[in-house]
Participant: 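The structure's right below; bear with me while I get my questions together.
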There are 2 protein chains.
Amino acid sequence: MSNSLSETSVGLDPVRKEILTGARELFIHFGFKKTTMEDIAKKIGRSKSSLYYYFKTKEEIFEAMALEDMDFQHRNAVETMNREEAVQDRFRSFVVSLFTHLISNKQEYSVFKAELMENPFLIMNITEKRNAYMEVFLKDLVLYGIRRGEIRELSHEEIDIWAKAINVSLKGIGSRLFLGNDQEKFKDHLGFIADALFMGITTKI
Amino acid sequence: MSNSLSETSVGLDPVRKEILTGARELFIHFGFKKTTMEDIAKKIGRSKSSLYYYFKTKEEIFEAMALEDMDFQHRNAVETMNREEAVQDRFRSFVVSLFTHLISNKQEYSVFKAELMENPFLIMNITEKRNAYMEVFLKDLVLYGIRRGEIRELSHEEIDIWAKAINVSLKGIGSRLFLGNDQEKFKDHLGFIADALFMGITTKI
DNA sequence: ATTTTGACCCATAAACCAAATTAGTCGAAA
DNA sequence: TTTCGACTAATTTGGTTTATGGGTCAAAAT
């Protein structure tokens, strides 16, 4: 389970953290483009050049911040999930946790909606890392379920495909929650959605 | 089942069709932005003004063309699907048909990849109509399955949610097939993916 | 009445340039 | 090892002009 999104969680450097928390506030308030390196530096009472001692580029700061957030959010979901035993319960719990967090923090990240499509390259790295992480996570979960006899014996290939498919599915649902304006209907049925994806909707037998 | 994406299939007007087929070729070759109304007019040997007798705007032409294509593609999938009896088989058949078509026509539509994010407003209407269509389609399919006793009795609300969730899931998988570069792995497992979404991956009972 | 057209209009895109910002570098200082 | 001020190079901004191309319209053609 040595699967994680961000290295910074170990808190390697206090200044690094300082930069990230300062940057986070500015990014969330003004977006990526309108936040200058000067702004970040001033915010934490340091010179702009200092930032370049810890990060190579502005993008790198943004990326580190985003990954840190996602990491926190995922750790949270995993922690909640691990209180369950059955895979179905774990999956449902994980999905519900992720999406409720997404919905409740929706406002906070709304600044990025516009920017996301102005420069998609910005989130490319982040997306890739997240995908890689999620796929490993989902594969592990399937293996856990198979071990418990709650999931049919699937081939390696099938597990891989399933993980990829469910990942993009969840992403699709996530974007709809984030961008769409019908979260209301969704948010009360997150558990149902998770179960439907995992267990299907057919009559058992 | 009076559920369709495009009215033009009835072939209301030959000139309208002419315009659409001419426009299609140009759009596919040069993209939306670089094809001018002049180009389209010249292509079919008419004056630019004529186009405005049949369509209000350039966007409307593009939209009509796209909807016509999608309509064809969906009619095809439905036709294939209807050869099956069991819902599971129908769903799988439908999904496989749609996605194989997508994969094989991928090259043709690659011009739009870039344009899609340059002006997302362009496909907004199309996307909305497609979503509406797909949700109705999926709901109908569920009702069919419930009638056959192959799908558990779901509430109206749940059917609605399921249709929305599966629609965005399929869209997610579709984009991955269209934009990503790992179709190879996917394309041989489309049936598996469809089954997994529909029937889940848990051991039955 | 329906369809087509050329001449026209005008919003927007492109091309250009000067000025200002700002990301990123570097050597020296702390 | 870490921080900083001064520098530079690239990008952005703002303002202007030109050109393109979407869209209108009244008249002509069918």
Participant: Within less than 4.0 Å of OP1 or OP2 of D:dG21, is there a side-chain N or O belonging to B:Thr36?
Facilitator: no
Participant: Grab the CD1-P distance between B:Ile19 and C:dT5 for me, whole Å please.
Facilitator: 11 Å
Participant: Identify which nucleotide among D:dT3, D:dG22, C:dG24 has an atom closest to any side-chain atom of A:Val15, counting heavy atoms from C-beta outward.
Facilitator: D:dT3
Participant: So, does the side chain of B:Lys48 form a donor-acceptor pair with the base of D:dG22 at under 3.5 Å?
Facilitator: yes
Participant: Compute both the distance and the angle, then confirm whether B:Lys113 meets the cation-pi test with B:Phe178: under 6.0 Å from the six-membered ring centre, within 45 degrees of the axis.
Facilitator: yes
Participant: If you measure only the distance, is there a donor-acceptor pair under 3.5 Å linking the side chains of A:Asn167 and A:Asn131?
Facilitator: yes
Participant: Just how far, in rounded Å, is C1' of D:dG5 from NZ of A:Lys42?
Facilitator: 15 Å
Participant: Specify whether A:Tyr133 and A:His74 have parallel, tilted or perpendicular ring planes, treating 30° as the upper limit for parallel and 60° as the lower limit for perpendicular.
Facilitator: perpendicular
Participant: Between C:dA23 atom P and A:Asn119 atom CG, what is the distance in whole Å?
Facilitator: 13 Å
Participant: May I ask you to evaluate whether A:Tyr54 reaches the phosphate of D:dT3, defined as a side-chain N or O under 4.0 Å from OP1 or OP2?
Facilitator: yes
Participant: Write down the distance between CZ (B:Phe121) and P (C:dT12), rounded to a whole number of angstrom.
Facilitator: 12 Å
Participant: Just compare D:dC25, C:dA23, D:dG5 and give me whichever is closest to any side-chain atom of B:Ser49.
Facilitator: D:dC25
Participant: From D:dG23, C:dG6, C:dG24, pick the nucleotide closest to the side chain of B:Ser47?
Facilitator: C:dG6
Participant: Please state how far atom OH in A:Tyr52 lies from atom P in D:dT8, giving the value in whole angstrom units.
Facilitator: 17 Å
Participant: Could you state the NZ-C1' distance from A:Lys56 to C:dG24, rounded to the nearest angstrom?
Facilitator: 13 Å
Participant: Taking atom CZ as the centre, does A:Phe72 end up with more than 12 heavy-atom neighbours from other residues, nucleotides or ligands that are less than 6.0 angstrom away?
Facilitator: no
Participant: Nearest-Å distance, CG (B:Leu51) to P (D:dT24)?
Facilitator: 13 Å
Participant: Go through the side-chain N and O atoms of B:Tyr109 and B:Asp69 and say whether any donor and acceptor fall under 3.5 Å apart.
Facilitator: yes
Participant: Measure CD1/A:Ile61 against C1'/C:dG24 and give the value in whole Å, please.
Facilitator: 12 Å
Participant: Can you check whether A:Tyr53 has a side-chain N or O nearer than 4.0 Å to OP1 or OP2 of D:dT2?
Facilitator: yes
Participant: If you check every side-chain atom of B:Lys33, which of D:dC4, C:dA14, C:dT5 has the closest atom?
Facilitator: C:dA14
Participant: Tell me which nucleotide among C:dA23, D:dC4, D:dT24 gets nearest to the side chain of A:Arg46.
Facilitator: D:dC4
Participant: Go through the N and O atoms of the side chain of A:Lys58 and the base of C:dG24, and report whether any donor-acceptor pair is under 3.5 Å.
Facilitator: no
